[in-house]
Amino acid sequence: MAALRLDIVTPDCVVLSKDVEYVGAPGLLGEFGVLPGHIPFISALSVGVLHYKREGKSHYVFVSGGFAEVSEDTVTVLAESAEQAHQIDFSRAEEARKRAQARLDAKNEDHDFKRASFALARSVSRLSLRGRD
Amino acid sequence: MASLKDVRLKIAGVTKTRQITKAMYMVASAKLRGAQQRIDRFRPYADKFYDMLGNLGGKAVDAAHPLLEVRQGAGDTGIVLCTSDRGLCGGFNANITAAAMKFAAEKSAAGNKVAFYCLGRKGRDAARSLGYEIPLGLIGHMNSPGYDLASETGVRVIDDFLSGVLDEVHLFYGEFISLARQKPAEIRLLPIAADDAPDEKTTVDYIYEPAVAELLNELLPRYIKVQIYRALLDTSAGENAARMQAMDNATRNCDEMIRGLTLLMNKTRQAAITNELIDIVGGVEALKG
């Protein structure tokens with residue numbers, strides 16, 4: 001079976017560069033899947049969880065928005081931050097979630113509502129990967 | 001003439017200074033390696049990013065985006081100034097701030113408001129001493145500039161640009177050319193020049209999701225951040241290269257001073273010995289007489 005190349009890069013490092021069989025990514029307009037032979041495609045990503053299959057097993061990666069480009073059986077993901085499930089610091093994510101939730105609950109005019117809800121979305125999707133691989 | 005003891009003290013002092021400059025040289029070279037590593041790690045992202053922008057660039061011409069809009073007449077200017085936090089790196093910071101200040105002076109002479117967004121202490125101090133408005137001053141991060149720093153600055157200038165506080169934004173930073181060469185550089189961040197995007201012939205016809213205009217909405221703000229981050233990394237590498245050079249020079253000057261002082265010390269000692277001999281010989285002659 002033809003393989004897909006998956007590259008996930010952030011400004012700080014190359015998070016992942018592997019041959020995989022399937023990639024599912026959280027597009028801005030909904031989740032999309034990529035199999036080998038996909039047509040060239042560029043999509044914006046939302047905050048969420050990307051997963052890929054390698055040797056029949058699913059793996060999960062958190063991405064904080066960005067872009068995905070599919071061309072010639074290569075999927076390139078550009079994200080501002082990305083972490084594989086086993087790299088995530090869950091206690092930190094939990095703290096971030098509480099902080100963001102408190103900000104949203106406070107309904108304080110000074111607080112940036114948009115920023116807080118983004119932070120909440122990020123921490124919730126990080127936490128959703130607890131126990132995953 | 002300085003006494004022998006004075007000269008010896010001075011040599012000891014210069015030797016200590018040389019130790020310090022030598023240590024600073026080594027610290028700077030270690031930090032430079034770190035900065036270069038960060039640049040290397042950032043390169044894949046930047047390259048891919050420009051690729052993608054190039055892909056979209058050809059199609060973006062007809063889609064008017066607020067970040068591309070050139071405003072006629074008004075010229076209230078924001079200056080993003082990247083410098084180091086610390087001195088002792090030769091003319092590095094002075095050159096960057098001089099370039100930025102010259103630009104700012106021209107702008108304010110033409111009756112425009114100028115606001116400084118400073119990354120690094122040296123630039124902020126310079127802007128403050130000249131009495132410019134400083135809406136953003138991020139200090140103490142230049143040791144290991146992270147992407148969040150660029151992100152924060154980017155969000156601020158984009159907000160101020162879109163809300164009409166600023167009509168254009170320029171970025172001043174220290175370009176790292178080589179170990180021996182760093183020079184101040186300037187780029188216009190906003191409005192984004194339409195031909196800024198590297199124009200590559202698109203050979204592949206992509207499907208875009210969402211449509212090109214919305215995709216640009218996501219892509220262009222990130223482009224600003226990428227540019228700021230690149231400037232930050234360059235400044236950080238340039239600072240350390242400049243410091244290495246400055247400290248290397250200082251160490252060599254110390255060596256030279258020590259050589260000169262040692263010569264002086266030997267002369268002084270010889271003079272003292274000669275004087276004593278003259279005394280003794282003179283005394284003996286007097287006794288004979």
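Naming: A, B, ... by sequence-line order, numbering from 1 per chain.
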Working to the nearest 0.5 angstrom, can you tell me the gap between [X] [atom1] and [Y] [atom2]?
X: B/K48; Y: A/E69; atom1: NZ; atom2: CD; value: 5.0 Å
X: A/S71; Y: B/M52; atom1: OG; atom2: CE; value: 9.0 Å
X: A/L45; Y: B/E209; atom1: CG; atom2: CD; value: 9.5 Å
X: A/S43; Y: B/Y208; atom1: OG; atom2: OH; value: 12.0 Å

With a 4.5 angstrom heavy-atom cut-off, is it the side chain or the backbone of A/I39 that approaches chain B, or both, or neither?
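It is the side chain, since no backbone atom gets that close.
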Does any backbone or side-chain atom of A/T10 lie under 4.5 Å from a heavy atom of chain B? Answer side chain, backbone, both or neither.
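The backbone, not the side chain.
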Which pair of heavy atoms, one from B/P44 and one from A/V9, lies closest together, and at what distance?
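Heavy atoms only, the tightest pair is CB-CG1, 4.1 Å.
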Counting only heavy atoms not in A/F118 (residues, nucleotides, ligands), do more than 12 fall under 6.0 Å from its CZ?
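No - once you tally the heavy atoms of other residues, nucleotides and ligands closer than 6.0 Å, there are 12 at most.
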Crowding at CZ, B/R86 (>12 non-hydrogen neighbours, <6.0 Å)
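Incorrect, the count does not exceed 12.
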Answer yes or no: is there a side-chain heavy-atom contact under 4.5 Å between A/L28 and B/E218?
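With C-beta onward as the side chain, the pair touches.
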Take A/F67 and B/R222, measure what side-chain contact (heavy atoms from CB on, under 4.5 Å) needs, and give me the verdict at the end.
CA-CA 11 Å; A/F67 304 92; B/R222 288 199 168 89; 3.6 Å; yes
Given a strict heavy-atom distance threshold of 4.5 Å, which part of B/L233 is in contact with chain A: side chain, backbone, both, or neither?
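Nothing of B/L233, per the 4.5 Å heavy-atom cut-off to chain A.
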Among A/L78, A/D12, A/I42, A/T76, which residue has the highest count of heavy-atom pairs closer than 4.5 Å to chain B?
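That would be A/I42.
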Among the listed options B/N217, B/L215, B/V155, the residue most often paired with chain A at heavy-atom distances under 4.5 Å:
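If we count pairs closer than 4.5 Å to chain A, B/L215 comes out on top.
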I'd like to know which of B/F42, B/Y147, B/Y229 tops the heavy-atom pair count under 4.5 Å against chain A.
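Sorted descending by pairs with chain A, the first entry is B/Y147.
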Report the residues that fulfil salt bridge (Lys or Arg N to Asp or Glu O under 4.0 Å) with B/R181, sequence neighbours left out, ordered by chain and then residue number.
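For B/R181 there are no salt bridge (Lys or Arg N to Asp or Glu O under 4.0 Å) partners, ignoring immediate neighbours.
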